[in-house]
Amino acid sequence: MYIVQIASELAPIAKVGGLGDVVYGLSKELCRLGHQVEIILPKYDCIDYSSLKSLKVAYRELWSFDGPQRFNNTIWSASFDGLKIWLIEPHHPNYFFSRGLIYGTNDDIDRFAYFSRTAVEFLYKSGSNPDVLHCHDWPCAIIPVLLKDMYRQLGFKYGGSVLTIHNLEHQGKCSPNNLTKIGLRGQDYLSKEKLQDPSNPALINLLKGGIVYADKITTVSPTYEKEIQTPQLGFGLNEVLVKYKHKLKGILNGIDENFWDPAKDQHLVVHYNTHKIDSSKKMAKILEAKKKNQHHLRTHLNLKDENRPIVATVTRLVQQKAPDLIEHALYRTLEKGGQFVLLGSTSIPQMQKRFSDLMLKMQNNENVAILLNNDEAHAHLIYAAADMFIIPSLFEPCGLTQLIALRYGTVPIARMTGGLVDTVFDIDTSKRPKTKRNGFTFDLPNPAGVNSALDRALQCWAEDKEKWQNIMRQGMACDFSWKHAAPEYISLFKSLSRELF
Ligand code: ADP
């Protein structure tokens with residue numbers, strides 16, 4: 001099949017969170033299965049251009065629209081890690097993608113609406129006829145609307161559109177004028193059946209547009225598929241999702257097995273192979289390698305080099321990830337004699353201040369390390385060096401960090417929500433067979449909930465090495481690669497109209 005991904009992120013060259021990992025990992029696996037995959041991205045100035053191959057101008061003259069004005073765009077082609085990518089560079093006076101960041105400006109809606117319109121215009125003008133246009137989250141959710149209400153009439157032929165919801169919290173609420181600017185008559189979409197926001201009738205909701213107009217909708221885990229249809233986790237779109245549930249499917253994300261592989265991860269000081277641990281000798285080698293990575297991390301972060309467990313988390317610092325509970329877990333770990341490593345990034349000034357203050361408070365504590373940035377290299381080393389990985393999220397559509405932790409032999413401690421329910425199984429209480437359990441879990445997002453799992457994990461680490469190593473082994477035996485999810489996407493893509501419109 002010929003599949004075009006249109007997205008705001010691609011890991012690791014333009015990544016903020018899991019969306020980027022998914023676009024990368026899924027595309028790699030679809031290519032491996034023999035499909036033709038192309039990815040369209042904004043040409044951000046903050047892309048790591050040194051890792052792109054064959055970067056060149058493919059089209060010099062692609063006109064696009066912003067209100068009554070037309071702007072030229074340069075379309076670049078390149079390859080990244082074997083993936084074919086197109087980069088859209090608008091020659092717009094607002095320098096949409098030259099701001100040194102991906103999200104977080106006052107005109108994000110304008111930036112991504114313009115990108116969406118230009119991406120479809122590019123496919124149309126270049127005579128491309130994809131079988132599938134796969135769009136991701138609110139930044140690209142207007143694309144199915146543009147396809148059905150504008151480009152189909154213009155004669156653009158494609159098989160069908162798919163919208164993947166990675167996180168329902170962010171919806172792209174805006175004024176009807178934002179649609180008018182990209183060539184749709186905004187006021188015409190301000191109705192319940194179309195793009196009107198359910199909570200604020202004066203606003204357009206871009207994500208709702210994708211839900212209403214896409215031929216298929218996916219979300220990133222089976223549990224999240226159910227949760228988003230409830231008022232508790234539907235963020236105001238639950239009724240719309242119930243209405244369109246016939247086209248909604250939860251497909252559990254995978255992780256890219258090559259990118260996240262402790263056997264060859266360039267950021268580790270000692271490698272270890274977590275495939276098929278069928279002898280105690282292999283397990284001993286893993287423990288030894290993790291110890292050496294741990295020693296390196298401790299030296300590097302000025303942590304005391306003692307026989308204490310390291311509890312870690314690698315996360316965006318936003319409400320969803322329960323910052324209060326992360327802080328609570330840090331104090332609890334210290335109280336119980338462990339060490340805590342936090343790698344957190346945020347674009348929210350209050351959150352930055354809060355954790356900078358904590359960092360300052362902890363600066364002389366040799367059992368705590370807090371790093372406040374987005375740092376791929378440290379993330380990899382932390383996954384390998386930590387003993388436990390805590391994820392107390394208030395909601396979690398899929399969550400990739402627990403999957404990475406499992407692959408690196410680091411035991412997850414997770415709140416039971418969304419994809420965490422589908423991937424982490426409590427060693428003591430899960431209904432799964434004992435040999436398939438891989439971590440510690442808790443239900444309620446409060447300090448008592450955290451303690452109920454964290455205390456058991458710390459106690460098990462200290463007092464029952466055999467049980468601890470079984471949890472590690474069973475976690476490393478889990479297969480959360482894209483080998484399972486990619487065929488599910490393919491059968492969904494194949495269920496789209498086979499005829500090009
Ligand atoms: P979300 O998409 O909500 O941020 P996921 O668990 O789906 O959460 O994906 C998070 C991805 O982003 C993982 O690959 C994780 O390693 C990475 N990540 C999160 N925060 C950081 C950070 N501060 N530095 C480096 N990588 C990070």
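Just so it is clear, the structure is predicted and the values come from calculations on it, not from any experiment. One-based numbering, in listed order, for ligands and for the atoms of each.
- Under 3.5 Å, the side chains of Tyr103 and Ser347 contain no donor-acceptor pair of N or O atoms.
- Residues of the protein with a heavy atom under 4.0 Å from ligand 1 are Lys15, Gly17, Gly18, Asp21, Trp260, Val314, Thr315, Arg316, Lys321, Leu343, Gly344, Ser345, Asn373, Asn374, Asp375, Ala379, Tyr383, Gly399, Leu400, Thr401, Ile404, listed by chain and number.
- Applying the side chain to side chain contact (heavy atoms under 4.5 Å, CB included) criterion to Gln320, with sequence neighbours excluded, gives Asn167, Glu169, Arg316, Val318, Phe395, Glu396, Pro397.
- Side-chain contact check for Tyr489 versus Ile251: some heavy-atom pair is nearer than 4.5 Å.
- Evaluation of the side chain to side chain contact (heavy atoms under 4.5 Å, CB included) rule for Arg473 yields Ile277, Met283, Asn470 as partners, not counting sequence neighbours.
- We find that Arg111 and Asp108 are joined by a salt bridge, their nearest charged nitrogen and carboxylate oxygen being less than 4.0 Å apart.
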Listed pairs under 3.5 Å, donor-acceptor, residues 371-388 side chains, sequence neighbours left out:
unit_1 : atom_1 : unit_2 : atom_2 : d
Asp375 : OD1    : Ala377 : N      : 3.1
Asp375 : OD1    : His378 : N      : 3.0
Asp375 : OD2    : His378 : ND1    : 2.6
Glu376 : OE2    : His380 : NE2    : 3.0
His378 : NE2    : His300 : NE2    : 2.8
His380 : ND1    : Asp265 : OD1    : 3.3
His380 : ND1    : Asp265 : OD2    : 2.6
Asp387 : OD2    : Gln294 : NE2    : 2.9
Asp387 : OD2    : Ile310 : N      : 2.8

